[in-house]
Amino acid sequence: LWTKVNNLIQGNIASQGPLSASASHASFVYLTSYSHAWPDGARSFSAKRHPVYGQPVPHTHPELLAADELTVGIRAQEYANRRAALAKIMPPGSVAVLPAASTTYMAGIIPYTYRQDADFLYCTGIHQHAVAVIQAPGTATQSRPKFTLFIEHASAERDRWDGARLDQAAALEAFGADEVYYTSELSRRVYDMCRAAPSGMLFDVDRTSSFLYSIVRTALDQLQSDAQGHKSSNQSPQPFPLNPLRPLLHHLRLRKSPAEMELMRRSAAVAAQAMAACIRSTRPGLTEWDIEVEFEHQCKRAGARRMAYPPVVASGPDSCIIHYARNDKVLREGQLLLVDAGCELNGYASDVTRTWPISGRFSTPQRQVYDMVLEVHRRCISACKPGSSIRELHALSVRLISEALHDLGLCGNASVKDIAINHYRSFYWHSLGHWLGMDTHDTHLVGYDRKLEPGHVITVEPGLYVPDEERYGEYRGIGVRIEDDVLITPGGCEVLSAAVPTDPRAVEELVLSGRGSSRSSRQ
């Protein structure tokens with residue numbers, strides 16, 4: 001009898017069709033009601049089968065999740081609302097197909113830590129392999145979108161290596177799917193859904209490394225082939241309707257909900273705390289790697305799953321290299337240290353940069369460059385408000401940096417106007433900022449001309465980098481960048497990473513505080 005019940009549990013019921021929200025409860029109760037006492041009395045076994053979630057949920061991890069949360073800080077209802085918002089801007093009757101991220105491997109069978117695709121996570125809250133299909137209402141009788149999940153078959157062998165994965169009951173109960181199928185049915189089901197969809201399919205054909213991309217692509221190729229072959233004698237074949245999905249999701253992800261704003265505050269606060277710890281621990285003789293380790297330690301100790309990107313810990317002239325990543329030099333007296341780092345906490349990224357003197361005191365040229373960048377930073381922060389744009393803020397930073405270059409005499413006799421047109425890019429060649437959210441360079445399909453609105457989060461990161469060339473005299477090799485994470489509010493903005501100082505005297509005092517040195521003010 002147990003063998004029969006176990007076979008049902010392991011998936012024979014799936015051969016009768018999908019597990020749906022309406023039918024799952026009765027089937028689940030039947031399968032979990034049997035228990036057996038072993039006759040020899042040596043052990044007992046209960047056949048009660050609970051849903052397998054494959055990730056934290058409130059009743060398995062109450063220390064992480066509130067009762068109504070699907071992921072930390074985000075309620076299950078918010079994920080349903082996101083899918084409804086997506087369906088509302090999809091063509092009526094269309095089908096969106098969204099695969100999860102694939103596992104990537106370091107070497108052989110050794111995987112990197114899994115990181116979910118941000119678009120998939122935004123719509124589902126699932127941190128595992130799956131394919132989500134969202135069908136937009138196409139008729140007056142269909143008032144809500146339909147959410148179908150395709151998940152992997154249970155495998156005792158794989159579970160021994162990787163742990164248990166999401167099962168059908170959990171997909172329905174916790175993650176709000178209307179129907180759940182195994183991935184063995186993906187190609188046929190997607191083909192049938194899209195063939196019946198009057199407005200076709202939304203799918204990003206450039207997601208070539210996504211989970212089961214080739215299977216989805218096979219269904220798409222068949223749909224396109226069918227469309228080419230279906231024509232009447234007096235009509236040309238009509239292409240199968242296919243549109244990209246990512247632009248719609250980036251539009252939705254751009255404005256953060258109140259719950260997302262709070263998660264971004266936490267992520268920025270953790271990064272700011274870690275950055276302050278790095279400043280405090282700096283002293284000549286340590287290495288750039290020591291500072292990177294300190295940042296990562298502080299972030300992960302505070303709950304961050306990973307760094308948001310490889311930290312930049314650049315001392316001396318390497319502070320002029322934007323994506324410097326070697327982090328292998330000894331910190332030397334008299335040089336500056338530029339650290340650009342952030343963490344990913346509960347799915348949301350932070351991105352903070354500070355520059356400080358390794359010795360604890362800025363030299364006069366260093367202080368001059370630092371003060372000029374700080375003034376640009378402050379002016380641009382003040383201009384962050386609804387109705388502005390990243391491009392307008394960048395134009396402001398270019399004008400101010402050009403004035404600084406003129407005042408420092410780094411462009412010879414060139415006027416401020418001439419510097420702004422012809423010369424500033426030799427000293428400042430990146431954008432003032434970018435969108436920030438679930439990814440560090442978030443929603444990259446949204447242009448920088450987009451007007452800022454409450455709920456948008458951007459970075460503000462002006463910099464000035466003097467090439468390490470003799471002609472620049474005492475300023476040669478000085479690179480300074482100051483970056484904060486900024487939430488646009490109805491009345492202006494909120495600097496999320498303000499807990500780590502930018503004032504030069506406060507920065508100097510923080511460096512020296514870790515050495516037990518006297519904290520005399522700068523004369």
Side-chain angles (χ1 to χ4, degrees), residues 11 14-20 83 86-87 89-104 116-117 119-120 123-124 126 128-139 141-142 144-155 165-166 168 171 175 177-250 445:
S15 65
Q16 308 301 318
L19 198 58
S20 64
R83 293 191 294 271
L86 173 61
I89 59 177
M90 290 166 56
S94 61
V95 176
V97 181
L98 181 58
S102 293
T103 299
T104 57
Q116 187 58 278
D117 174 82
D119 289 335
F120 183 88
C123 289
T124 67
I126 296 174
Q128 305 166 67
H129 289 160
V131 177
V133 177
I134 299 169
Q135 295 171 272
T139 64
T141 58
Q142 185 185 354
R144 56 183 294 273
K146 183 178 180 181
F147 174 36
T148 303
L149 269 177
F150 292 85
I151 63 173
E152 296 178 287
H153 279 277
S155 168
R165 289 158 293 156
L166 176 69
Q168 288 183 317
F175 295 97
D178 296 304
E179 290 185 350
V180 182
Y181 297 93
Y182 288 121
T183 52
S184 57
E185 300 186 69
L186 178 61
S187 182
R188 178 175 64 86
R189 294 283 181 182
V190 167
Y191 174 84
D192 289 343
M193 291 176 186
C194 293
R195 185 177 61 174
S199 299
M201 181 182 188
L202 286 86
F203 176 66
D204 298 311
V205 295
D206 60 343
R207 293 183 190 264
T208 55
S209 62
S210 60
F211 179 61
L212 299 182
Y213 172 87
S214 61
I215 294 178
V216 177
R217 188 59 197 250
T218 296
L220 172 60
D221 289 345
Q222 185 60 53
L223 290 162
Q224 292 176 323
S225 177
D226 290 352
Q228 289 297 313
H230 181 71
K231 61 178 179 178
S232 61
S233 58
N234 60 349
Q235 288 183 328
S236 299
Q238 296 298 311
F240 174 74
L242 173 67
N243 291 289
L245 175 59
R246 190 183 287 111
L248 302 185
L249 288 167
H250 282 202
L445 295 182

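We use all heavy atoms of the structure for the numbers below, so side chains are in, but hydrogens, waters and symmetry mates are not. Here the structure is a predicted model, which means the values were calculated and not measured.
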Provide the closest heavy-atom pair for [X] versus [Y] in the form atom of the first, atom of the second, distance.
{"X": "A87", "Y": "A136", "result": "O-CB, 3.7 Å"}
{"X": "A171", "Y": "L166", "result": "N-CD1, 3.7 Å"}
{"X": "A101", "Y": "F211", "result": "O-CB, 3.9 Å"}
{"X": "A100", "Y": "D117", "result": "C-CB, 4.5 Å"}
{"X": "I151", "Y": "A130", "result": "CG2-CB, 4.4 Å"}
{"X": "A219", "Y": "V190", "result": "CB-CG1, 4.1 Å"}

Quick one: does any side-chain atom of Q116 pair with a main-chain N or O of Q128 as donor and acceptor, under 3.5 Å?
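Pair found, side chain donor or acceptor close to backbone of Q128.
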Taking S225 for its side chain and D221 for its backbone only, find out whether a donor-acceptor pair lies under 3.5 Å.
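No; zero donor-acceptor contacts below 3.5 Å.
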With the side chain counted from C-beta on, respond yes when [X] and [Y] share a heavy-atom pair under 4.5 Å apart, and no when they do not.
{"X": "D119", "Y": "H250", "result": "yes"}
{"X": "T124", "Y": "L98", "result": "no"}
{"X": "Q168", "Y": "Y182", "result": "yes"}

Taking D192 first and then R189, would you say they form a salt bridge - that is, a charged N and a carboxylate O separated by under 4.0 Å?
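R189 and D192: not salt-bridged.
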So that I can tick it off, tell me whether R144 and D178 are bridged by a salt bridge, with the cut-off set at under 4.0 angstrom between side-chain N and carboxylate O.
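Here D178 pairs with R144 in a salt bridge, since their nearest N and O are under 4.0 Å apart.
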Atom [atom1] of [X] and atom [atom2] of [Y]: how far apart are they, to the nearest 0.5 Å?
{"X": "S102", "Y": "Y213", "atom1": "OG", "atom2": "OH", "value": "12.0 Å"}
{"X": "F175", "Y": "I126", "atom1": "CZ", "atom2": "CD1", "value": "5.0 Å"}
{"X": "I134", "Y": "L86", "atom1": "CD1", "atom2": "CG", "value": "5.0 Å"}
{"X": "T148", "Y": "L186", "atom1": "OG1", "atom2": "CG", "value": "11.0 Å"}
{"X": "R165", "Y": "E152", "atom1": "CZ", "atom2": "CD", "value": "5.0 Å"}
{"X": "R83", "Y": "Q135", "atom1": "CZ", "atom2": "CD", "value": "13.0 Å"}

For residues 198-205, tabulate all N or O donor-acceptor pairs below 3.5 Å that involve a side-chain atom, not counting sequence neighbours.
| unit_1 | atom_1 | unit_2 | atom_2 | d |
| --- | --- | --- | --- | --- |
| S199 | OG | P92 | O | 2.6 |
| D204 | OD1 | L245 | N | 2.8 |
| D204 | OD1 | R246 | N | 3.0 |
| D204 | OD2 | R207 | NE | 2.8 |
| D204 | OD2 | R207 | NH2 | 3.0 |
| D204 | OD2 | R246 | N | 3.1 |

Of V131, V180, I215, which meets side-chain contact (heavy atoms from CB on, under 4.5 Å) against F150?
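In the set V131, V180, I215, the residue that makes a side-chain contact (heavy atoms from CB on, under 4.5 Å) with F150 is V131.
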